[in-house]
Amino acid sequence: MSLLVVGSVAYDSVETPHDRRDDALGGSATFFSIAAALFHKPSLVAVVGDDFKSEDVDTLERAGVDMSGLERSAGGRTFRWGGRYSADMNNRDTLFTELNVFEAFKPKLSATHREASLVFLANIQPTLQLSVLEQVGCPRFVAADTMNLWIGGARPALLEVLSHVDALFVNDSEALELTGALTMVAAAAEIRAMGPELVIIKRGEHGALVFNGDDIFYVPAYPLEQVIDPTGAGDTFAGGFMGYLAETGDFTPENVRRAAVVGSLMASFCVEGFSVEGIARLTLDDVRRRYAAFLALTHIDALAL
Ligand code: AMP
């Protein structure tokens, strides 16, 4: 099944308690598509400026991403984002967001991209997500991601997006902000009432909650000794999840659970390096080994009473 992602391709400047990187390859569509490509070739639609390096295009192509939808805006500067993490890496402050070429971006999907079966509207202005929705034909499955910037600043457009998608990926704090609810279960119910049948609430090192119709599933995060850089973990989760679904073509609740575990494991690889270092050279065997370790870690027998 063909898989399309529209989102940001960026240069990120990231500070952790131990280290920092300036202008490293990032962006919601970048992390998503590199993770997805391990399972199923995704097509990326985004815009960059003249300053975008050819070696970064190579990194995405080498990972197996179809880059025919990458637009280069002459005279423009690539989107930039800066963030600083707390000592325990569980919180971050956004230091700056420069939309640059995204301010005037009007995604134009090719005839092939319009036919996509699975579509991921990665974190980007909701108006751009809507313009993509208007162009796609009749996809089997559409998911979206968002962030506090749009929940607070572009709420009407975001609600319009939600009314048209099958799934929403969202952080726990954003889920509460979006709904005004006090618990994750209540927030998920309210989000489902806004449109998406499937709601995935990401909780960083505490894993993710998957609300899929009547099925509620908790997937822990794979425990790691050291986290280098959490940037992109959410997009990488979504990339693993949707790449796996696109490859298997199986949307049953059992397979959606497996997809969530794949997403969680991909996120664990992501945070083991800066930028895309943790995921760009992964193999399926790396994922299979971690999946087996995850099964051993979480296996439990029935109650012996
Ligand atoms: P995550 O850590 O999964 O929330 O994703 C971080 C990525 O999102 C970074 O690589 C940023 O470049 C990108 N990003 C941050 N803010 C925005 C925004 N307002 N629009 C689009 N992408 C963004």
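Both ligands and their constituent atoms are indexed starting at 1 by order of listing. When reading the values below, keep in mind they use all heavy atoms of this one structure, side chains included, and skip hydrogens, waters and symmetry mates.
Residue contacts with ligand 1 do not include Phe237, since none of its heavy atoms lies under 4.0 Å from the ligand. Note on ligand 1: Phe31 sits in its first shell, one or more heavy atoms being nearer than 4.0 Å. Look at Arg92 and you'll find a heavy atom under 4.0 Å from some atom of ligand 1.
Short contacts between ligand 1 and Gly234, defined as distances under 4.0 Å to a heavy atom of the residue, involve ligand atoms 3 (O). Heavy-atom contacts of Ala10 reach the following atoms of ligand 1: 12 (O) (cutoff under 4.0 Å). Atoms of ligand 1 lying under 4.0 Å from any heavy atom of Met147, numbered from 1 in the order shown and given with element: 16 (N), 17 (C), 18 (C), 19 (N). Those atoms of ligand 1 that come under 4.0 Å of a heavy atom in Leu149, given as number and element, are 19 (N). Listed by number with element, the atoms of ligand 1 under 4.0 angstrom from any heavy atom of Gly27 are 9 (C), 10 (O), 12 (O). Those atoms of ligand 1 with a heavy atom of Thr231 less than 4.0 angstrom away are 2 (O), 6 (C), 9 (C), 10 (O).
Contact annotation for Ala122 and ligand 1: no heavy atom of the residue comes within less than 4.0 Å of the ligand. With a heavy-atom cut-off of 4.0 Å, Asp12 touches ligand 1 through its side chain alone. Heavy atoms of Phe102 found under 4.0 angstrom from ligand 1: none, in either backbone or side chain. Heavy atoms of Gln125 found under 4.0 angstrom from ligand 1: none, in either backbone or side chain.
Applying the side chain to side chain donor-acceptor pair (under 3.5 Å) test between Arg257 and each of Asn212, Thr252, Asp215 identifies Asp215 as the sole match.
The shortest N or O to N or O distance between Thr97 and ligand 1 is not under 3.5 Å.
Ion pairing of Arg21 with Asp229 is absent here, as no side-chain N (NZ or NE/NH1/NH2) approaches a carboxylate O to less than 4.0 Å.
Donor-acceptor pairing under 3.5 Å is lacking for the side chains of Ser173 and Asn171.
Nearest heavy atoms, Gly240 versus Val262: O-CG1, 3.6 Å.
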Before you tell me yes or no, could you show the steps for Ser68 and Asp66 under side-chain hydrogen bond (donor to acceptor under 3.5 Å, both in side chains), namely the whole-Å CA-CA distance, both residues' side-chain angles and the distance that decides it to 0.1 Å? CA-CA 6 Å; Ser68 62; Asp66 162 30; 2.9 Å; yes
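Atom 16 (N) of ligand 1 has Trp81 CD1, 3.5 Å as its closest protein atom, hydrogens excluded (heavy atom only).
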